[in-house]
Number of protein chains: 2
Amino acid sequence: MALNSVDDVFVGKLRDVLPAVAFLADPTGFLVEPRGRWSGQGVVVSPASVDEVATLMAACFEHHIAVVPYSGGTGLVGGQTVADGPVPVILSLARMNKVRAVYPDENVIEVDAGIILADVQTAAANVGRLFPLSLASEGSARIGGLLATNAGGLNVIRYGNARAQCLGLEVVMADGTIWNGMSRLRKDNTGYDLRDLMIGSEGTLGVMTGASLRMMPRPANEATAMFVVQSPAAAVSLLSLAGERLGETVTAFELIHRQGFDFLNETGLEYKAPFKEAPEWSVLMKIGLPTGQSAQGALEDLFEGAAGLILDGVIAQSGSQARDLWNIREMIPEGNRRIGSVSSHDISVPISCVPEFIAKAPAILAEIGDFRINCFGHLGDGNLHYNVFPTQGRNRADHQDQRDAIKTAVHDLAHSFDGSVSAEHGIGRLKVSDLETYADPAKLAMMRAIKDALDPRGIMNPGAVLRA
Amino acid sequence: MALNSVDDVFVGKLRDVLPAVAFLADPTGFLVEPRGRWSGQGVVVSPASVDEVATLMAACFEHHIAVVPYSGGTGLVGGQTVADGPVPVILSLARMNKVRAVYPDENVIEVDAGIILADVQTAAANVGRLFPLSLASEGSARIGGLLATNAGGLNVIRYGNARAQCLGLEVVMADGTIWNGMSRLRKDNTGYDLRDLMIGSEGTLGVMTGASLRMMPRPANEATAMFVVQSPAAAVSLLSLAGERLGETVTAFELIHRQGFDFLNETGLEYKAPFKEAPEWSVLMKIGLPTGQSAQGALEDLFEGAAGLILDGVIAQSGSQARDLWNIREMIPEGNRRIGSVSSHDISVPISCVPEFIAKAPAILAEIGDFRINCFGHLGDGNLHYNVFPTQGRNRADHQDQRDAIKTAVHDLAHSFDGSVSAEHGIGRLKVSDLETYADPAKLAMMRAIKDALDPRGIMNPGAVLRA
């Protein structure tokens, strides 16, 4: 079914049913993809309530107008940006940005979908609780987008990704119907799990307008360590050992390669070097224990007990030392940006396959050309950011024609381990063909059937996840 | 679209494509609902592989024959039993009951869907891991059914329900297509979450044939206590305090009412009384800590710190004392059975609403008649088994005509708190009209659209969850 472009007549109709303040004079900020890969198009409408969203959706449904839900705009796969085709409505959630209610005793917080992640973290902290979702863009990413893309981040090993934080949703469907699924229940087995279907559907099935989120107790004692490990295989063994000793109290378990340190040095980013020489492989880990036990002591015990796996280590003796260690991890992406990657990948493989993946990939890439590799990421989740860079003195433009081959080689290798070509960033528009290449055809057929069933006119974020 | 009954001609066709051993001579055990409420009908076929299941499904699809997936048969809402209408194939998973692979380092176990829960627990224990799903029927319930109904149980507060234990699925769709979603990945954001859509769909969208499950580290130090609390409100405050002090290490948090003890006494069930007098309200809690801290000590600290909430308490000093305490909780359902409930309910409300629910319900029931109430269950999840019994000297038959009024009163009250009328048992055939009464119409419409999209001929467990 063909979609129509938004035109002045349609905008006039919207202005009849929505307040003037919902229409943005300057849509500039909503048309730029964060990495500047392409420019979008669209008319931005910013409703202030679920009823206004429903009104907007009903109008778009009636007139066959595409709707692109726009949250924080921090996604890296183009889910929020339409470069061509019929001009869509860009539905900004920025004005629906409030905490609706907080229930400390039951560890629940209800929010508008447009609230910024950092504001949810603060609201939870204000009642002595933790909202554990944490990632680089937390100062601008909004909950609706984080849930729509099932965002990951640093603490997934302990707390799960965005999906795991969500108890309920309020969603406006393609035809303007409101589904009130704002549940505070921990258990509810009444019918299909529409919540999890919406989460991760990247705005292609409906528009989230509200979310009921779970909070967690705040760990009483936290500690951070950087351990130098013999190899990725030793890192996996250390992860397993840490689980045996420390249970679910491991909050983060990040793998870092020497290349990350080298890039910080090369691009002049400052950090406190934890070791005399940058280690070939290291692990940055954080634990958080309940009342009554020293987290530092637990990391010291782990260090002692893992003698064969750990070559050297630093256990932070203060909050500021811990911040210095985390600062390294957090600056690695900035170092990468300054060098300029030829191709970046967000892959995952079964955790025990990580060493073999890391062992095999360089030889495959060497057949394509001469590159530097920065392999780092969330080892606790089997999720590697496997990024490929030019050698010193060359730049990404020199390798333009090799980019597709690199991407295909890395994705093929991940797929050969039953891995994922998008562990935490989603499909958006950037990886639609990857999904078509690697996904089980039965899965694709089911996805298409569900899309057609819930969005029969194809107006919800067309071209994202599934081809329009 | 009308369904056809299985007849000899169709069975003959099946016998042409499936081995003789897949056909059960005596279907008796598959036609009885566990509480004996009604008898089912059907021809039992028990394939031994995903390919055989696919062959069976393709034949049923072609001939418009209904298929009822049958797992352990322990469900209490009639999801596995069809009493009337066209005679279905009952697809037993009993012959697909193997562990496929175990990956201790990544805490993953892959199994056939027909494996019995206790066998998964054992396989995990054999590699020093925990498979945390635990419930009364674990000796006969099978993984496929547990996932299809998103089963709960005792450890949900810490580990989540069946959904949370599942990383991936192998599913045969209505037309015989095999979806291989047996992922061992912790993170994979490539497309819609079909796994969670299948989980909890009670066999109405497809047949699970395999599952990839997560295992957990085994807590190094466990301890159990029974605390006498002032009131349900004090129990909720204690739960909150326990979370603040002990974090995610609270494994179980069960509310028990004096009526439970009274029924054990009345029906001659033996137990070790933890207190001189059976307490009006008590909490049975279990914690599991990582290496290096005394779990008993942590419970003692909690007892000290909760002086205003706890009136009395017993902290088990040995494994056998802990088992004695858990024995009480585990015998309560048997006590209930011996008394014979007029109406039993599996409801949940937001945790902080539990005290008000418990305060309001008796007065509402008193308007219907004179009853005894045994209210107990998983307070940590807001999930109460709110069961209504005759007074002494009367029996359930005396109250036959009040049963519907009681059920409606309890469900209406739960619903008034935005609660659930099926917290952990599912909809099956028993609660289809409850779902229609209480669910958001937008949710019902989406469920119907998805059902029609994935099961266009309506052959998958017709009449369960949604009306056939």
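Each chain gets a letter, A, B and so on, in the order its sequence line appears, and its residues count up from 1. Nothing here was measured: the structure is a model prediction, and the numbers come from that model.
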At a 4.5 Å cut-off on heavy atoms, which part of [X] comes close to chain A: side chain, backbone, both, or neither?
| X | value |
| --- | --- |
| S348(B) | both |
| T149(B) | backbone |
| A423(B) | both |
| I347(B) | neither |
| P219(B) | neither |
| M198(B) | side chain |
| K431(B) | neither |

Please round to the nearest 0.5 Å and tell me the distance separating atom [atom1] of [X] and atom [atom2] of [Y].
| X | Y | atom1 | atom2 | answer |
| --- | --- | --- | --- | --- |
| L289(B) | L289(A) | CG | CG | 9.5 Å |
| L194(B) | D193(A) | CG | CG | 11.5 Å |
| S240(B) | Y103(A) | OG | OH | 15.0 Å |

Considering non-hydrogen atoms only, spot the tightest contact between [X] and [Y] and give its length.
| X | Y | value |
| --- | --- | --- |
| E106(B) | P350(A) | OE2-CB, 3.5 Å |
| G247(B) | P290(A) | N-CB, 4.3 Å |
| N189(A) | E424(B) | ND2-O, 3.2 Å |
| G191(B) | I427(A) | N-CG1, 3.8 Å |

>> Among I199(B), D196(B), L197(B), which residue satisfies the side chain to side chain contact (heavy atoms under 4.5 Å, CB included) criterion with D196(A)?
In response: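 With D196(A) as partner, side chain to side chain contact (heavy atoms under 4.5 Å, CB included) holds for just one option, D196(B).
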
> Of all residues at least two apart in sequence or in a different chain, which pass the ring-ring contact (aromatic ring centres under 6.0 Å, His included) check with F417(B)?
Replying inline: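 Testing F417(B) for ring-ring contact (aromatic ring centres under 6.0 Å, His included), a comparison that skips the adjacent residues, returns none.
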
Checking heavy atoms, do the side chain of [X], its backbone, both or neither come under 4.5 Å from chain B?
| X | value |
| --- | --- |
| L466(A) | side chain |
| M216(A) | side chain |
| S422(A) | both |

> Run the side chain to side chain contact (heavy atoms under 4.5 Å, CB included) check on R186(B) and I351(A) step by step: do they pass?
Replying inline: CA-CA 8 Å; R186(B) 299 291 168 154; I351(A) 292 170; 4.1 Å; yes

Going by atom type alone, with no hydrogens or angles, which donor-acceptor pairs under 3.5 Å involve a side-chain atom of residues 442-450 of chain A and a protein atom two or more places apart or on another chain?
| unit_1 | atom_1 | unit_2 | atom_2 | d |
| --- | --- | --- | --- | --- |
| K443(A) | NZ | T190(B) | O | 2.6 |
| K443(A) | NZ | T190(B) | OG1 | 3.3 |
| R448(A) | NH1 | R467(A) | O | 3.4 |
| R448(A) | NH2 | R467(A) | O | 3.0 |

>> Using only atom types and a distance under 3.5 Å, with no angle test, would you say the side chain of T291(A) pairs donor to acceptor with the backbone of R245(B)?
In response: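 Here the side-chain-to-backbone pair exists.
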
Please determine, among [options], the option with the most heavy-atom pairs under 4.5 Å with chain B.
| options | value |
| --- | --- |
| V156(A), T249(A), V236(A) | V156(A) |
| H425(A), R195(A), M182(A), R129(A) | R129(A) |
| T177(A), V465(A), N383(A) | N383(A) |
| E202(A), R184(A), H378(A) | R184(A) |

>> Between S352(A) and D105(B), does the side chain to side chain donor-acceptor pair (under 3.5 Å) criterion hold? Intermediate values first, please.
In response: CA-CA 6 Å; S352(A) 60; D105(B) 264 4; over 6 Å; no

>> Under a 3.5 Å cutoff, is there a donor and acceptor pairing between the side chains of D440(A) and N180(B)?
In response: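 No, no side-chain donor-acceptor pair sits under 3.5 Å.
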
Test item: [X] and [Y] side chains (from C-beta on) under 4.5 Å apart, heavy atoms:
| X | Y | result |
| --- | --- | --- |
| E244(B) | R218(A) | no |
| S183(B) | D418(A) | no |
| R158(B) | E248(A) | yes |

